[in-house]
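Lettering of chains follows the sequences in order, A, B, ..., and the numbering in each one begins at 1.
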Number of protein chains: 2
Amino acid sequence: MFDIDIAELARRTGVKASALRYYEEKGLIVSTGRHGLKRLFAPSTVERLSLIALGRASGFSLDEIAGMLSGGAAIDRGQLRAKAAELDRRIDDLARLRDGLLHAVACTAPGLMDCPRFRGIARLAGRQAAAQPARRRFRAEPA
Amino acid sequence: MFDIDIAELARRTGVKASALRYYEEKGLIVSTGRHGLKRLFAPSTVERLSLIALGRASGFSLDEIAGMLSGGAAIDRGQLRAKAAELDRRIDDLARLRDGLLHAVACTAPGLMDCPRFRGIARLAGRQAAAQPARRRFRAEPA
DNA sequence: CTGCAAGTTCAAGCCGACTTGAGGTCAAGC
DNA sequence: GCTTGACCTCAAGTCGGCTTGAACTTGCAG
């Protein structure tokens, strides 16, 4: 297949052109050359970008992903296993939080803090929050 | 009980004094007064902080938490229910990712991208990442 | 040949949640 | 009464992952 330009790559992956340039600068993707000024990318870059997206969604930083992706297409399986275990822990935590929230909804105690179950959950969250910072929120789409 | 100073509150909650001042500035907690310059907090602030921690751990921003906490101790249960549903979705996503990572570890295809199952997962992650920015990572403890 | 949309570079800005540093104030212990 | 050290304020810095803006260059359609 023929190489594609940055706009097409953006269209196919849903990643903004500015982000793609940033990724190239970071070494996560490579352009095969230029047509005039314009970057050209191999169509396989689309797959590379879904791999990158997978990494991001799993909680890797761009630097980590860059490390994993350098060295051909070979990805460190041990690292993946570790990340899977980390995801498992996160899932457990979130499940406990969800249960806590749902209990809070259902609980008939006058104030939430009067419910011993909820207090327990809140204390739990306290310990976790002390150890781990919060997630980023959604960003509003620019107008 | 007697009011406690910021250092004691920090000790009891695991939240740094600087963060506590920040929370007060944002209206998340209130100090009952001063002893000289030093802030004094009611001991119940400890519980308020675990509530705040719970909110943070569930993915609320400080502003959202402030909104929920203002208006007495009453917390909007509908909002909680919505957040629980959101957590549920997140949990599902993470579970799928974890399965994908584990499959990647086990998969015997020569390159990961040669495995159709993994490609499917990667494409999925691609769509999700396009819609939602990544989470923040752990921060190293300052030396 | 010209106009222009779509690319380019580079530096600077933004987000949230804090942390850090400089310089100041105060209550308590000696 | 003086030192000390815990607290104070305020401005600025940090982090990652982009986005934005200004000023510029191209290839291609007309």
How close or far is atom [atom2] of [N] from atom [atom1] of [X], stated in whole angstroms?
X	N	atom1	atom2	answer
A:L49	D:dC18	CG	P	11 Å
A:E25	C:dT9	CD	P	9 Å
B:D63	C:dC18	CG	C1'	14 Å
A:F60	D:dG16	CZ	C1'	17 Å
A:E8	C:dG7	CD	P	10 Å
A:R21	C:dG7	CZ	C1'	7 Å
A:R34	C:dG7	CZ	P	12 Å
A:I52	D:dG16	CD1	P	18 Å

Just the atom pairs and distances: protein N or O near nucleotides 23-27 of chain D's N or O, under 3.5 Å.
| from | atom 1 | to | atom 2 | distance (Å) |
| --- | --- | --- | --- | --- |
| D:dG27 | O3' | A:H35 | NE2 | 3.0 |

Residue mapping more 5' on DNA chain D - nearest nucleotide basis, A:Y22 or B:F41: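 Per heavy-atom nearest nucleotide, the more 5' residue is B:F41.
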
Does a side-chain heavy-atom distance below 4.5 Å link B:L40 with B:F2?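 No, their side chains stay 4.5 Å or more apart.
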
Proximal nucleotide (of [options]) relative to the [X] side chain:
X	options	value
A:L62	D:dC18, D:dT19, C:dT19	D:dC18
B:D5	C:dT20, C:dT9, D:dC7	D:dC7
B:S18	C:dC18, D:dG17, C:dT19	C:dT19
A:A19	D:dT19, C:dT9, D:dC7	D:dT19
A:A7	C:dC18, C:dG7, D:dG17	C:dG7
B:S61	D:dC7, C:dT8, C:dA17	C:dA17

Ignoring hydrogens and angles, tell me if any N or O in the side chain of B:E47 forms a donor-acceptor pair with the backbone of B:S44 under 3.5 Å.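 The answer is no, because no donor-acceptor pair under 3.5 Å joins these two groups.
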
Donor-acceptor contact present, side-chain A:T13 to main-chain A:L9, <3.5 Å: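 Pair found, side chain donor or acceptor close to backbone of A:L9.
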
Chi angles and distances behind the side chain to side chain contact (heavy atoms under 4.5 Å, CB included) call for B:L49, B:L28: CA-CA 9 Å; B:L49 280 166; B:L28 287 159; over 6 Å; no

For [X] and [N], is the shortest distance between a side-chain N/O and OP1 or OP2 below 4.0 Å?
X	N	answer
A:Y23	D:dG17	no
A:R39	C:dT9	yes
B:K16	C:dT20	yes

Residues forming a salt bridge (Lys or Arg N to Asp or Glu O under 4.0 Å) with B:D88, sequence neighbours excluded: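 Applying salt bridge (Lys or Arg N to Asp or Glu O under 4.0 Å) to B:D88 gives A:R98.
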
Applying salt bridge (Lys or Arg N to Asp or Glu O under 4.0 Å), can you list everything that pairs with B:E8, at least two apart in sequence or on another chain?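 B:E8 satisfies salt bridge (Lys or Arg N to Asp or Glu O under 4.0 Å) with B:R11, B:R12 once adjacent residues are dropped.
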
Does the pair A:K83/A:E86 count as a salt bridge with the N-to-O cut at 4.0 Å?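 Yes, charged N to carboxylate O under 4.0 Å.
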
Set of residues satisfying side chain to side chain contact (heavy atoms under 4.5 Å, CB included) with respect to B:C107, sequence neighbours excluded: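 Here the qualifying residues are B:H103, B:A109, B:C115.
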
Which residue pairs pass the salt bridge (Lys or Arg N to Asp or Glu O under 4.0 Å) test when at least one of the two sits in residues 17-32 of chain B, sequence neighbours left out?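 Listed once each, the pairs are B:E24-B:R39, B:K26-B:D63.
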
Residues which pass side chain to side chain donor-acceptor pair (under 3.5 Å) with B:D3, listed by chain and number, not counting sequence neighbours: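 B:D3 satisfies side chain to side chain donor-acceptor pair (under 3.5 Å) with B:T32 only.
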
What does the inter-axis angle of the helix from C:dC1-D:dG30 to C:dC30-D:dG1 come out as, five pairs per end, nearest 10 degrees?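 Here the helix ends are tilted 20° relative to one another.
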
